[in-house]
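Both backbone and side-chain heavy atoms feed into the values below; hydrogens, waters and symmetry mates do not. What you see is a predicted model; the values in this text were computed from it and never measured.
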Amino acid sequence: MFISGTSKISKTNFLKGIFLFVFASFAFSVIAQPAQNTTPSASVVVQTNDVSLSAPPSIGAQLSAQEVAQNPSSKASELFAPVTKADTPKHYVKAAASGSVEMDLRQLWNELKLNNPQLASLRESYLSAKATVPQIAAPDNPQVGLVWSGMPVNSPFALGGANAPTAQYPQGISSNNAISFAQPFKFPGKKSLASEIANTNAEGLLAQAESTYLQLGAQLSSLYYSALAAQKQLTVLKESVMRLEMIKNVAKARYANNTAAYVEYLNAQVSQSAAQADQFNVERQLRVSLNNINTLIGRHSREQLVLRGNSSQAMKGIPSLIELEDYAESNHPSLKSSALNLEAARKGVDLAMKGYLPDFQVIGSSYTPRGPFSANNGALFYQFEFDIIIPLYFFTKEKYGVEQARRAQAAAEAGTISTRQQIAFAVNSAYAVYEQARNQAQFLRDRQVPQADAAYRIGLIQYSNKGQGFNDLLIAQNQLRNLELQLAQAESNLLQAQAALLVTAGKEPF
């Protein structure tokens with residue numbers, strides 16, 4: 001009986017050993033087997049500037065790093081050379097500064113006005129247009145001429161001896177040689193009207209530059225308040241991490257006392273890791289916003305920038321909708337530009353009507369019976385000529401010129417009406433967005449966030465005292481964090497809507 005039992009146990013152990021050996025062999029074969037369908041590792045090909053982008057690079061030119069090290073004189077060594085400051089493309093206005101700069105919204109707008117390349121281009125275009133005004137108002141250039149008259153056929157083209165007597169020509173070759181001076185001028189009022197049109201168009205360019213400045217400023221304000229919201233969200237997430245650390249410590253203490261499950265500690269740790277991951281995302285968004293602000297104000301994108309501002313102080317009273325519409329009617333740069341374009345079009349009609357009037361030319365000549373470059377050997381006499389340039393050919397050019405000017409005036413009038421309607425529509429839409437953002441921020445700040453904070457505090461007290469309601473506490477903490485993040489974003493949206501509303505009305509938001 002004893003032998004039989006021993007034989008049975010040995011048989012069972014033997015079968016278990018065979019099973020474990022077969023399983024280990026199968027696992028080892030699966031792990032050691034090479035992958036058959038794996039994709040090859042990706043490679044990066046560096047192209048030099050002298051290779052056309054439309055054609056692939058030569059395979060022979062793609063040397064490895066070892067070949068480059070063995071042959072430093074090869075041109076391919078440039079492919080693996082480190083990028084230096086000289087090779088970096090300069091797409092910015094100012095060089096990167098060594099220290100950080102602290103700015104508020106007003107200082108950012110000043111930097112935008114001074115250093116933004118687009119605004120600098122518009123300013124130069126305005127100055128270029130202003131430089132054409134004195135050119136148009138200046139008189140026409142005079143004409144000076146030399147005249148050789150009375151030269152017989154086949155006579156030599158003599159200059160100094162053009163009037164010297166010869167056996168063939170006893171009286172000389174040329175007679176009545178002259179020096180003439182001609183001065184054309186427009187009908188009175190044409191040049192002054194044309195210069196006024198040019199000056200009005202130049203002022204219209206300046207108004208367009210001011211409108212572009214407001215548009216870029218609105219974009220800058222949006223980035224500024226987004227960065228402030230990201231900074232506030234980082235503070236909220238850090239506080240959330242601290243609260244979860246407190247919950248985690250309470251769960252750990254209760255687990256040590258055998259009054260809570262270990263899974264509660266793990267759930268608190270997972271929630272804390274999620275808050276830290278959100279913190280990393282917000283930090284990345286903040287860096288992107290700062291880089292965009294630097295680029296917009298004409299600085300290097302990686303230059304250090306510290307934003308200074310108070311969201312609560314920036315939330316100020318906004319004028320009523322009627323006041324904003326009235327302000328836009330009289331101060332918006334787009335309406336100024338449209339009014340100047342309309343004024344230039346009306347003056348263009350007056351100038352086209354003056355095309356029916358003739359222009360003039362005055363010519364003064366001095367005649368002498370001598371060569372133009374020889375000594376005076378005769379008496380001088382003078383001649384005065386007055387010419388009228390008449391618009392002939394049935395006034396075809398003038399008639400269609402007037403029609404063109406009147407069509408341009410009608411287009412300018414329609415454009416002015418359209419611009420006024422668009423601005424009024426934009427102000428109304430921006431005001432509606434501002435009211436919605438204000439109501440949402442106020443609702444979150446006055447009701448939802450305080451309620452979520454109270455729920456979190458009650459849940460923390462109950463869990464600490466009674467040891468129950470861990471899930472309720474975790475949910476309350478997550479809701480508090482989400483609502484605080486929403487409140488920071490809602491306040492940012494409110495400030496952005498406030499800045500956009502003022503800019504839409506043609507006013508700086510500070």
Side-chain angles (χ1 to χ4, degrees), residues 9 12-13 15-17 19-28 30-32 226-290 306 310-312 440-441 443-492:
I9 294 173
T12 303
N13 294 334
L15 293 175
K16 289 182 178 180
F19 175 77
L20 292 175
F21 177 78
V22 172
F23 179 78
S25 301
F26 175 77
F28 177 78
V30 171
I31 296 174
S226 296
L228 291 183
Q231 292 178 354
K232 189 171 183 179
Q233 287 176 349
L234 284 176
T235 304
V236 170
L237 290 173
K238 290 178 181 178
E239 293 177 355
S240 177
V241 170
M242 294 175 61
R243 289 195 299 263
L244 288 169
E245 183 68 23
M246 184 186 305
I247 297 174
K248 200 167 65 171
N249 293 333
V250 174
K252 186 176 181 181
R254 297 191 63 84
Y255 172 73
N257 295 328
N258 295 325
T259 57
Y262 187 68
V263 69
E264 296 178 356
Y265 173 79
L266 294 178
N267 288 333
Q269 190 174 16
V270 169
S271 297
Q272 188 181 35
S273 300
Q276 291 174 344
D278 293 339
Q279 182 178 345
F280 298 149
N281 293 330
V282 174
E283 288 177 351
R284 179 182 57 82
Q285 295 175 4
L286 178 59
R287 287 196 300 268
V288 171
S289 298
L290 293 178
V306 177
N310 191 346
S311 300
S312 59
Q440 183 179 3
F443 180 73
L444 284 169
R445 182 174 56 251
D446 297 341
R447 294 189 59 182
Q448 288 189 298
V449 172
Q451 291 174 359
D453 183 69
Y456 163 73
R457 294 179 184 276
I458 294 174
L460 181 61
I461 294 174
Q462 290 180 350
Y463 180 68
S464 301
N465 295 332
K466 299 180 180 180
Q468 297 178 355
F470 175 79
N471 292 331
D472 296 335
L473 173 61
L474 205 60
I475 292 174
Q477 197 284 139
N478 291 333
Q479 287 181 348
L480 177 59
R481 181 190 65 185
N482 294 333
L483 288 175
E484 287 178 342
L485 293 176
Q486 292 178 15
L487 176 60
Q489 186 62 44
E491 290 179 348
S492 175

Interatomic distance, [X] atom [atom1] to [Y] atom [atom2] [nearest 0.5 angstrom]:
X	Y	atom1	atom2	value
Ser240	Asp278	OG	CG	8.5 Å
Met246	Gln272	CE	CD	11.5 Å
Asn482	Gln477	CG	CD	8.5 Å
Leu487	Gln440	CG	CD	10.0 Å
Leu473	Ser464	CG	OG	7.5 Å
Leu485	Thr235	CG	OG1	10.5 Å

Sorted by chain and residue number, the ring-ring contact (aromatic ring centres under 6.0 Å, His included) partners of Tyr262 (sequence neighbours excluded) come out as Tyr255, Tyr265

Applying ring-ring contact (aromatic ring centres under 6.0 Å, His included), can you list everything that pairs with Tyr456, at least two apart in sequence or on another chain?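 Checked Tyr456 against ring-ring contact (aromatic ring centres under 6.0 Å, His included); zero matches.
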
Can you name the closest pair of heavy atoms from Ala275 and Val241 and give their distance?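 That would be CB-CG2, 3.9 Å.
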
Has the side chain of Asn267 got a donor or acceptor atom that lies under 3.5 Å from a matching backbone atom of Val263?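 Yes; judged by distance alone, with no hydrogens or angles, the pair exists.
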
Knowing that exactly one of [options] qualifies, which makes a side chain to side chain contact (heavy atoms under 4.5 Å, CB included) with [X]?
X	options	value
Gln269	Glu245, Lys252, Lys248, Glu264	Lys248
Leu444	Glu491, Gln489, Gln486	Gln486
Leu480	Arg243, Gln448, Gln451, Glu239	Arg243

Any side-chain heavy-atom pair from Asp472 and Tyr463 closer than 4.5 angstrom? no

Is there a side-chain contact between Leu244 and Leu474 (heavy atoms, below 4.5 Å)? yes

Between Leu483 and Asp453, does the side chain to side chain contact (heavy atoms under 4.5 Å, CB included) criterion hold? Intermediate values first, please. CA-CA 10 Å; Leu483 288 175; Asp453 183 69; over 6 Å; no

Does a sphere of radius 6.0 Å around CZ in Arg445 hold more than 12 heavy atoms from other residues, nucleotides or ligands, not counting ones at 6.0 Å or beyond? yes

